[in-house]
Protein chains: 2
Amino acid sequence: MKNRQIYNCQEGCPIESTLQIISGKWKAVILYHFTKNNVHHFGELQRNMLDCSRRMLALQLKELESDGIIQKTIYPAMPPKTEYQLTAFGETLIPVINAMEKWGNYYNQRSLDRLN
Amino acid sequence: MKNRQIYNCQEGCPIESTLQIISGKWKAVILYHFTKNNVHHFGELQRNMLDCSRRMLALQLKELESDGIIQKTIYPAMPPKTEYQLTAFGETLIPVINAMEKWGNYYNQRSLDRLN
DNA sequence: CAGCATCCCGAATGATACTG
DNA sequence: CAGTATCATTCGGGATGCTG
């Protein structure tokens, strides 16, 4: 038996794999919205993420789509309408987002407490 | 400690808060090592993260330290020796890292399966 | 409305050398 | 060994305008 490391961050590091998918300035935030509602429209996401430019939102959605995390449905009409939703694969990410949400809430509360 | 990237979603968005602490190219990977072992040395972390430059490792450790996630102990000797470990606060992040690890392993396995 | 193309800047990171 | 200093470079992402 080889003396091999149980965990390594050289190749196949699970953290790096996860980061590969959900890093990017807005992806985790986008996915957070999907844990709250199954379906979203472009404009709606935009209104919920005012600091994310239209360009960035489009880019990040596109990458999430090409990674198989979300899928979009285009309704050919004028004006155009697009619906985004998590794929089954994308849903497997929910626990990660939930953990981030939970810790963020804890962190925010802790910060408030420290002001008093 | 200047020029840190700020992630803004909505006010008090928990995801934003979490990203503020663990985003950065290597922080989550560093924390991952801390979930496996309580104490780490600089050189040891470096050997486990060959793609992270010494400079980046030092930078990210410093930020994690100033955010209260890890603490370091310096043993004044020659050659110098420094130990890093999670603070109690830092330990609250473990579930987040664990969720990322779990998903990353799932993702890696899934990728392997798809090759066959 | 949703999204792409172009131009551009500055933060993030790398490379290299130096030090207690 | 465990960093820091300095310079160079990449690239994420902002601003704006155009289009189906």
Donor-acceptor pairs under 3.5 Å, side chain of residues 108-116 of chain A to any protein atom, not counting sequence neighbours: which ones?
| from | atom 1 | to | atom 2 | distance (Å) |
| --- | --- | --- | --- | --- |
| N108(A) | OD1 | S17(B) | OG | 2.6 |
| N108(A) | ND2 | G104(A) | O | 3.4 |
| N108(A) | ND2 | G12(B) | O | 3.1 |
| N108(A) | ND2 | S17(B) | OG | 3.3 |
| Q109(A) | NE2 | D113(A) | OD1 | 3.1 |
| S111(A) | OG | Y107(A) | O | 2.9 |

Just distance, no hydrogens or angles: give the donor-acceptor pairs under 3.5 Å from side chains in residues 66-75 of chain A, sequence neighbours left out.
| from | atom 1 | to | atom 2 | distance (Å) |
| --- | --- | --- | --- | --- |
| S66(A) | OG | E63(A) | O | 3.2 |
| Y75(A) | OH | E83(A) | OE1 | 3.3 |

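Taking atom CG of residue L59(A) and atom P of nucleotide dG13(D), one finds them 9 Å apart after rounding to whole Å. Counting to the nearest Å, the P atom of dT13(C) and the CD atom of E63(B) are 9 Å from each other. Look at CD1 on I30(A): it is 14 Å from C1' on dG13(D), rounded to the nearest Å. Rounded to whole Å, atom C1' of dC4(C) lies 14 Å from atom CG of L57(A). Here dT4(D) presents its C1' atom at 15 Å from CD of E65(B), a figure rounded to the nearest Å. Note: CG (L45(A)) to P (dC1(C)) measures 15 Å, nearest angstrom. To the nearest angstrom, P of dC1(D) lies 16 Å from CD of E83(B). Remark: P of dG3(D) and CG of L61(B) are 7 Å apart, rounded to the nearest angstrom.
Applying the salt bridge (Lys or Arg N to Asp or Glu O under 4.0 Å) definition to pairs two or more places apart or across chains, those involving residues 91-103 of chain A are K36(A)-E101(A).
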Contact letters for nucleotides 15-20 of chain C, in which S counts primed atoms plus P, OP1 and OP2 and B counts the base, heavy atoms under 4.0 Å: B----B

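Scored by the side chain to side chain donor-acceptor pair (under 3.5 Å) test, T92(A) finds W103(B) as partners (sequence neighbours excluded). With sequence neighbours excluded, no residue forms a side chain to side chain donor-acceptor pair (under 3.5 Å) with Q46(A).
Within the 4.0 Å cut-off from OP1 or OP2 of dA2(C), not a single side-chain nitrogen or oxygen of K72(A) is found. Distances shown here put every side-chain N or O of K62(A) at or beyond 4.0 Å from the OP1 or OP2 atom of dA2(C). Dashed line: the shortest gap from a side-chain N or O of T82(B) to OP1 or OP2 of dC1(D) is not under 4.0 Å.
With values rounded to the nearest 0.5 angstrom, F34(B) atom CZ is found 11.0 Å from I94(B) atom CD1.
Comparing atom distances between the H41(B) side chain and each of dG3(C), dA2(C), dA2(D) picks out dA2(D) as nearest. Comparing atom distances between the K25(B) side chain and each of dG3(D), dA2(D), dT13(C) picks out dT13(C) as nearest.
Comparing A58(B) and Q60(A) along DNA chain D, the residue whose closest nucleotide (by nearest heavy atom) sits nearer the 5' end is A58(B).
Across all strands, Y75(A) comes closer than 4.0 Å to no nucleic acid atom at all (heavy-atom distances).
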List the steps and the verdict of side-chain contact (heavy atoms from CB on, under 4.5 Å) for H33(B) and M49(B). CA-CA 10 Å; H33(B) 288 290; M49(B) 297 164 56; 3.7 Å; yes

